[in-house]
Amino acid sequence: MAGLGRGRGRGKGYMSFSIEAVGIGKGENLPPAILQPTPLFPPMEHKPVPLVMGEEAEYMLALKQEFRGNMKTLPFYVRPAVSKKDVERYSDKYQNSEPSDNTIEWNPDWKRLPKELRIRVKKPLKENTSLSVETPVDPKPSKKTRVDKEEIIHKLEVGITLEEEVTSDEEEGEKKKQEEEQQDGEEEYDEEEFEEETDYIMSYFDNGEEFGGDSDDNMDEAIY
Amino acid sequence: MTAQEVRLCGLLLQEHFGEVVERIGTHLLRGGAQNLRTIANETNTPLDLVKKSLCVLVQHGACEFRSGRRGPGSPVEYRASCERVLRVLRYPRYIYTAKTLYGDTGELIVEEVLQRGHMTMSNTVKTVADRLTHNMEEGRSMEYSEVVSAFSKLVETHFLQRCPPVAEVGTAATSATPATPGTPAAPASTAPPTAESNPDCYKLPHVTLIGRGKRRRSSDDSEEQRGGKKAKMDSESCGDEGIYWQVNFERFHQHFRDQAIISAVASKMDQTSSEIVRTMLRMSEVTTTQTAAYTQPLSANEVFRSLPPNYSISRPILDQYLSLLVDDPMEFVGKSGDSGGGMYVVNLQRALANLARATLESVVQERFGSRSARIFRLLLRKRHLEQKQVEDFAMIPAKEAKDMLYTLLSENLVQLQEIPKTPDHAPSRTFYLYTVNQLPTARLLLQHCYKTVANLIERRLFETKENKRLLEKSQRIEAILASLQASGAEPEQLTEVEEMITAPERQQLEALRHHINKKKNPENHIVGFFMNLFVNYGGK
């Protein structure tokens, strides 16, 4: 077909098919060839139809916005742990930290998920009752972390009976149940350590960020 | 999974689940089935975040997993589904439909299940009862039994279904018993089980839920804690652990399809004929499969008996209406026999195809003008036409017809078909015919819709970011106003606070709100919906 075109194309340029068939007569004024991509926002000859807005549409719009807002508060909205670029502050220890990467804030049914996706479930600090924390994922790193935790527990000397439980448990061997109890013990241990170390109520701490916010109520100063 | 679809899915995931899930999700959509390590390496995300995101995606049904293809020892593979993510666009419509059918309780049930992906019945009932109680006046609360009855109605009409049982997949460690007793702990079957394959799909569990909704008090922490403990004990005693319910999207789509057909009939003919069609569709709800081309044949006697009582028309008039419907060129209703006073079917597929065609025609009309629309309609009806024939049939002067045809051709709405006369395809001896292929054109329009929605979302995000300062200021003002009003302030203080926003700012704010709210053009959405239905149900 390319061979057929050659030798026939004279004048304005040739195409691989006969242009009479599509209706371009001989010698007719064709619009000039466009040698660049079409503009990003081409001018519209026909204005679009106005939007259909009725009661139904308004309601659905409100539903959509509410849904979006709700999704942001649910635990499904995954926020990566942001590392603080600022200087380490004393108040960090007593403030609610951002969710760390290796916990999950809701409790899925682990039977419906593959085993490799299991992550530790984070429990809120309020519940001081017995926590059922899931085991961490891979057996290999958990052994290492267990060893580390054992060392830490050994190093810190706080008279808690849990420590005795822990040591007695580790003597028995590596069974999942003991792992869980140890995790249990460690979690409770951490909280109790916090609570014992300070004389202040945990929720009291005021780091001064709200300072200056009350000035909105005071109308005497000019607001820019 | 076109580029436009993937882009739109990414934006939707970002809005609803955050950037991390968006990254993982788009990677899965683009790359097909992958295992955990590949995803973590290729997206440069820490493993724990990947795990979290995958949990979220699986929870919401956007991602499926199964054991690897290379045999039982290979790692688990995850596959994301574009279609499922795109359904997020229709969530408000599902919720609104549930509201119209089953009231506020139904609406809240569907909303909760959509927000969480899948939930147990007891969980849903409690959450919805609490929410309803929260909105009621002081002293009144919602009974669980009312919520349970709404839930069971939704299940009976198949709007909610049980999640398909999941066979145990994963490492060779001791596996928990799979949900279906009796099957050995074997690796998953080749195809993931669908919800419909479970015979108990629509069976309600035997759970006794007695109680009332709790009103959430923000001041009583201790009471909440006690209440929380009590709730925990309650959930343990409910018997439906492991039975999760999800929204049955196909059923909703069926409902929308029926509504579309009924409203088309109502606008083309009159209210009574639409009522007749509605009756016919209602009668065949349970007997028709989802992808059926037409409903089961119904006799005119049955239709007459099942008509709603306030539409009392006599038998001969019903027959006249039915024959009118059959003769209509839109082919909504067809006659399949003469027994029982005439056997009639609703032609679902043809009706959808015709509706899609009408939508295509109107799109061309709005974008290119009514003369181009005339050419387009001509080509739809006459299938293949030469250039000269187009000019003659459309009664448009040659030059303009040429121009319009080339515009349509450049937009890919019209195609050129070559029919050679000689085996060497010589251009001078070939017919060139213009034609319109309905199905590919509908797909093209659908992709345009997706692209438009994605553009609108991006524009909305951009505008929100640009004007963040203003939006935050107005939010603060509203909060201050509300608190002042609550504490009984004087009107002067209120006006003073309102004047904190200057007039031009206020105008700007109004315009901005207007724009932001109008994004995600619902009309666009309806067009997209039709095209989707048409493409999925297989047009001509």
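To find a chain, count down the sequence lines: A is the first, B the second, and so on, and within it residues start at 1.
Taking chain A as the reference chain and counting heavy-atom pairs below 4.5 Å, the highest number among Glu366(B), Gln115(B), His118(B) is found for Gln115(B). Looking only at heavy-atom pairs under 4.5 Å with chain A, the residue among Phe17(B), Tyr91(B), Phe431(B) that has the most is Phe17(B). Of the listed residues Leu36(B), Val58(B), Thr45(B), Thr100(B), the one with more heavy-atom pairs under 4.5 angstrom with chain A than any other is Leu36(B).
The neighbour count for Gln389(B) CD, taken as heavy atoms of other residues, nucleotides or ligands under 6.0 Å away, is above 12.
Interface residue Phe76(A): backbone and side-chain heavy atoms are both found under 4.5 Å from chain B. Neither the backbone nor the side chain of Glu22(B) comes within less than 4.5 Å of any heavy atom of chain A. In this structure, no portion of Leu405(B) lies under 4.5 Å from any heavy atom of chain A.
Atom OH of Tyr77(A) is separated from atom CD of Gln14(B) by 7.0 Å, given to the nearest 0.5 angstrom.
A heavy-atom distance below 4.5 Å is not found between the side chains of Gln59(B) and Leu113(A).
In this structure, the side-chain contact (heavy atoms from CB on, under 4.5 Å) partners of Val78(A), at least two apart in sequence or on a different chain, are Val20(B), Val21(B), Leu49(B), Lys52(B), Val56(B). Applying the salt bridge (Lys or Arg N to Asp or Glu O under 4.0 Å) rule to Glu386(B) yields no partners; only residues at least two apart in sequence or on another chain are considered.
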Audit row: His16(B), Lys72(A), side chain to side chain contact (heavy atoms under 4.5 Å, CB included) steps and yes/no: CA-CA 7 Å; His16(B) 291 267; Lys72(A) 291 212 157 68; over 6 Å; no

Test log, rule side chain to side chain contact (heavy atoms under 4.5 Å, CB included), inputs Leu74(A) and Arg116(B): CA-CA 9 Å; Leu74(A) 282 176; Arg116(B) 316 244 165 179; 3.7 Å; yes

Begin with the C-alpha distance, continue with both residues' side-chain angles, and end with the deciding distance and a verdict on side chain to side chain contact (heavy atoms under 4.5 Å, CB included) for Leu63(A) and Glu107(B). CA-CA 10 Å; Leu63(A) 272 177; Glu107(B) 176 194 8; 3.7 Å; yes

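For the residue pair Tyr59(A) and Lys99(B), the shortest heavy atom distance occurs at OH-NZ, 3.2 Å. Across all non-hydrogen atoms, the minimal contact from Tyr96(B) to Met60(A) is CB-CG, 3.9 Å. Contact record, Arg131(B) with Glu66(A): NH2-OE2, 4.1 Å, taken as the closest heavy-atom pair.
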